[in-house]
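A quick note: this is a predicted structure, and the numbers were derived from the prediction, not measured. In listed order, ligands and their atoms are each counted from 1.
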Amino acid sequence: MRKKIVAGNWKMNKTLQEGVALATELKNILAVEKPNCEVIIGTPFIHLATLSELLKDSVIAVSAENCANKESGAYTGEVSAAMVKSTGAEYVILGHSERREYYNETPEILKEKVDLALANGLKVIFCIGESLAEREANKQEAVCKAELEGSVFHLSAEQWKNIVIAYEPIWAIGTGKTATAEQAEEIHAYIRKCVADVYGAQAADDTSILYGGSCKASNAPELFGKPDIDGGLIGGASLKAPDFKGIIDAWK
Ligand code: PGA
């Protein structure tokens with residue numbers, strides 16, 4: 001059976017000290033009230049080693065928000081998948097629309113990143129999703145399929161077991177405008193069908209597909225109540241422990 005997941009994406013927020021404080025608060029809360037799902041926090045590179053150590057005996061897994069598309073060498077300022085893995089992090093978020101848009105990450109670059117992440121033993125949370133213009137032109141299915149084909153559908157069935165998909169409509173990210181549970185379910189079911197076409201029905205059934213985009217404690221129960229929505233990738237609401245815990249509780 002596929003995993004239920006609530007994953008935070010801190011983006012470019014929190015100094016090291018603030019991140020340690022938030023992770024400690026979450027760890028303490030979840031030690032008392034065990035979550036009914038896997039909990040992951042995606043953080044900037046600077047937090048990874050400290051938080052992996054801090055959270056090693058907790059229920060919380062740590063994820064990077066990016067890694068380089070090169071193995072190693074003269075790439076000033078970049079952080080490789082091997083380096084991320086060496087911090088103790090288990091996951092890496094790749095393909096986020098902010099990386100695609102502001103840092104020109106193409107499907108080809110993302111494919112290289114996915115391959116290196118998997119080769120170095122990381123699990124990948126791979127983000128896909130359409131813009132407002134694409135949604136208005138009813139192109140969301142074509143966009144999601146093309147993003148999958150461009151960067152992850154070349155993987156072997158064995159590699160696919162380490163992929164989590166996050167559907168994040170760009171028009172819902174940080175805007176307060178959430179996709180309705182019906183809109184989200186419709187495309188999640190379509191994404192699962194695309195996975196089934198490539199990897200078979202069983203693999204598709206075992207794939208966790210998360211929703212992201214203004215997900216919060218008030219709308220998470222309805223979203224997570226849909227058969228093809230296996231949890232959330234949470235930006236803004238992952239920056240305060242009570243808000244994030246409220247979303248984790250949607251699985252109760
Ligand atoms: P948001 O971000 O929850 O702040 O909309 C989600 C994301 O970008 O992963």
Inset, instruction - Check Glu65, Glu168, Glu105 against Arg99 for a salt bridge (Lys or Arg N to Asp or Glu O under 4.0 Å) and give me the one that passes. - result: Glu105
Inset, instruction - Tell me which part of Ala172 gets within contact of ligand 1: side chain, backbone, both or neither, using heavy atoms under 4.0 Å. - result: backbone
Legend entry - Distance (rounded to the nearest 0.5 Å) between Ile128 CD1 and Glu147 CD: 6.5 Å
Inset, instruction - Pull out every atom of ligand 1 sitting under 4.0 Å from any heavy atom of Lys11, numbered as shown with elements. - result: 2 (O), 7 (C), 8 (O)
Inset, instruction - Give the residue and atom name of whichever protein heavy atom lies nearest to atom 7 (C) of ligand 1, and the separation in Å to one decimal. - result: Glu168 OE2, 3.1 Å
Inset, instruction - Report the part of Asn9 in contact with ligand 1, treating N, CA, C, O as backbone and CB onward as side chain, heavy atoms under 4.0 Å; options are side chain, backbone, both, neither. - result: side chain
Inset, instruction - Check each atom of ligand 1 against the heavy atoms of His96 and keep those under 4.0 Å away; list them by number with element. - result: 7 (C), 8 (O), 9 (O)
Inset, instruction - Apply ring-ring contact (aromatic ring centres under 6.0 Å, His included) to Trp160 and list each qualifying residue two or more places apart in sequence or on a separate chain. - result: Phe153, Tyr199
Inset, instruction - To the nearest 0.5 angstrom, please state how far the CD atom of Glu71 sits from the CG atom of Asp115. - result: 11.0 Å
Legend entry - Point-to-point distance, once rounded to the nearest 0.5 Å, from NZ of Lys177 to OG of Ser214: 10.0 Å
Legend entry - Presence of salt bridge, Asp230 and Arg2, under 4.0 angstrom: yes
Inset, instruction - Could you find the nearest protein heavy atom to atom 4 (O) of ligand 1 and give me its residue, atom name and distance? - result: Gly236 N, 2.8 Å
Inset, instruction - Please confirm whether Lys216 comes under 4.0 Å of ligand 1, counting heavy atoms of the residue only. - result: no
Legend entry - Protein contact to atom 3 (O) of ligand 1 [nearest heavy atom, distance to 0.1 Å]: Gly235 N, 2.9 Å
Legend entry - Close N or O approach (Ser214, ligand 1; < 3.5 Å): yes
Legend entry - Spacing of CG belonging to Asp206 relative to CZ belonging to Arg192, to within rounding of 0.5 Å: 9.0 Å
Legend entry - Geometric N/O contact Gly212 with ligand 1, under 3.5 angstrom: no
Legend entry - For Phe244, ring-ring contact (aromatic ring centres under 6.0 Å, His included) partners two or more places apart: none
Legend entry - Heavy-atom gap Gly174 to ligand 1 smaller than 4.0 Å: yes
Legend entry - Sub-3.5 Å N/O-N/O distance, Glu98 and ligand 1: no
